[in-house]
Amino acid sequence: GDWSSDVCSSDLNARFGEYPVDHALVEHRIVEQLSLHYSWKRADFDQRFRIEQRWFQDFSQGEPQFYRYQDRTRYQFRLTFPIARDARRYLYASDEVFIHFGPNHGAHALNQNRIQAGIGYRVSRSNRIEMGYLNQYLLQQNGRVNEMNHTVRFQFLSNARLFGRQ
């Protein structure tokens, strides 16, 4: 396993989906994460447990500088299976559940569920590119609106060291 903590993480969340937010908003997070990796025959299994402390803009008070605090936990299970002998090309599938806890999380603890599947390519030991389908089920904070978003996702992933020797 691997335990890591992001000291600083910020996102700009844009309008998206069937029921987009009224404004693009800024979110800041502190993240603690435990990652576990298992291999069996040719398949790789990854689990990620994440706890997030989130501060994001809340326009309900009329001022964009008002930030609301929330705690959220996430669990992701991911399966990767090579489709070439050299293991550079692979298929992947994952499911990630997001659950709020503590104050300010709205009507329900369940926030969202993301299921994805696609194909990937290992560019190097440290870098990969992936393209796939993402299905996002999102339960709005008011507890009355359920949203289902379908997305084509392209991502570049890296675990290269930024400082020091490789």
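Count residues from 1 along the sequence.
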Determine, step by step, whether Tyr137 and Asn146 satisfy the side chain to side chain contact (heavy atoms under 4.5 Å, CB included) criterion, reporting the C-alpha distance in whole Å, the side-chain angles of both residues, the deciding distance to 0.1 Å, and the verdict.
CA-CA 7 Å; Tyr137 169 76; Asn146 297 312; 2.9 Å; yes
Run the side chain to side chain contact (heavy atoms under 4.5 Å, CB included) check on Gln33 and Arg74 step by step: do they pass?
CA-CA 9 Å; Gln33 176 173 298; Arg74 297 164 63 166; over 6 Å; no
Steps toward side chain to side chain contact (heavy atoms under 4.5 Å, CB included) verdict (Glu27, Arg54):
CA-CA 7 Å; Glu27 178 179 345; Arg54 308 168 66 209; 2.8 Å; yes
side-chain hydrogen bond (donor to acceptor under 3.5 Å, both in side chains) for Gln112 and Gln136? Distances and angles first, verdict last.
CA-CA 7 Å; Gln112 60 182 286; Gln136 178 196 39; 2.8 Å; yes
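Under the 4.5 Å side-chain contact rule for hydrophobic residues, Ile51 and Phe98 do not share a cluster. Note on Ile119 and Val152: separate hydrophobic clusters, where clusters join Ile, Leu, Val, Met, Phe, Trp and Tyr whose side-chain heavy atoms are under 4.5 Å apart, directly or indirectly. Tyr121 and Ile83 fall into different hydrophobic clusters, where Ile, Leu, Val, Met, Phe, Trp and Tyr residues are linked whenever their side-chain heavy atoms come under 4.5 Å apart, directly or through other members. By the criterion of side-chain heavy atoms lying less than 4.5 angstrom apart, applied directly or through intervening Ile, Leu, Val, Met, Phe, Trp or Tyr residues, Leu134 is not grouped with Leu79; the two fall into different hydrophobic clusters. Placement of Ile115 and Leu110 in two distinct hydrophobic clusters is found when ILVMFWY residues are connected by side-chain heavy-atom separations under 4.5 Å, directly or transitively.
Among all heavy-atom pairs drawn from Ala87 and Pro82, the shortest one is CA-CB, 3.9 Å. Counting all heavy atoms, side chain and backbone alike, Ala43 lies closest to Phe81 at CB-CD1, 4.0 Å.
In summary, the side chains of Asp44 and Tyr38 do not present any donor paired with an acceptor at a separation below 3.5 Å, with no hydrogens or angles considered. Checking Gln53 against Tyr69 by side-chain atom types alone, no donor-acceptor pair falls below 3.5 Å. Judged purely by distance below 3.5 Å, without hydrogens or angles, the side chains of Ser35 and His37 never pair a donor atom with an acceptor atom. Inspection of the Tyr90 and Glu130 side chains reveals an N or O donor paired with an N or O acceptor under 3.5 Å.
Between Gln76 and Asp95 the shortest side-chain heavy-atom distance does not fall below 4.5 Å. At least one side-chain heavy atom of Phe56 sits under 4.5 Å from a side-chain heavy atom of Gln70. You'll find the side chain of Thr80 reaches within 4.5 Å of the side chain of Arg78, heavy atoms only. Between Trp55 and Arg68 there is no side-chain heavy-atom pair separated by less than 4.5 Å.
In this structure, Arg128 fails the cation-pi test against Phe156, since its NZ or CZ atom is not both closer than 6.0 Å to the six-membered ring centre and inside 45 degrees of the ring normal. A cation-pi geometry, defined here as NZ or CZ lying under 6.0 Å from the six-membered ring centre and within 45° of its normal, does not hold between Arg153 and Tyr133. Figure legend: Arg72 and Phe101 shown without cation-pi pairing, the cationic atom not lying both under 6.0 angstrom from the six-membered ring centre and within 45 degrees of its axis.
With hydrogens and angles ignored, the 3.5 Å screen pairs a side-chain donor or acceptor of Arg88 with a backbone N or O of Arg122. Formation of a donor-acceptor pair under 3.5 Å by the Thr73 side chain with backbone atoms of Glu52 is not found in this model. Under a 3.5 Å cut-off, the side chain of Arg114 and the backbone N or O of Val97 do not form any donor-acceptor pair.
Atom CG of Asn111 and atom CD1 of Ile99 lie 9.5 Å apart (nearest 0.5 Å). Leu34 contributes atom CG, which lies 11.5 Å from atom CZ of Arg50 (distance to the nearest 0.5 angstrom). Considering CE of Met131 and CZ of Phe154, their distance stands at 8.5 Å, rounded to 0.5 Å. Summarising the geometry, atom CG belonging to Asn135 is positioned 8.5 Å from atom CG belonging to Asn149; distances are rounded to the nearest 0.5 Å. The distance from the OG atom of Ser94 to the CD atom of Gln116 is 4.0 Å, given to the nearest 0.5 Å.
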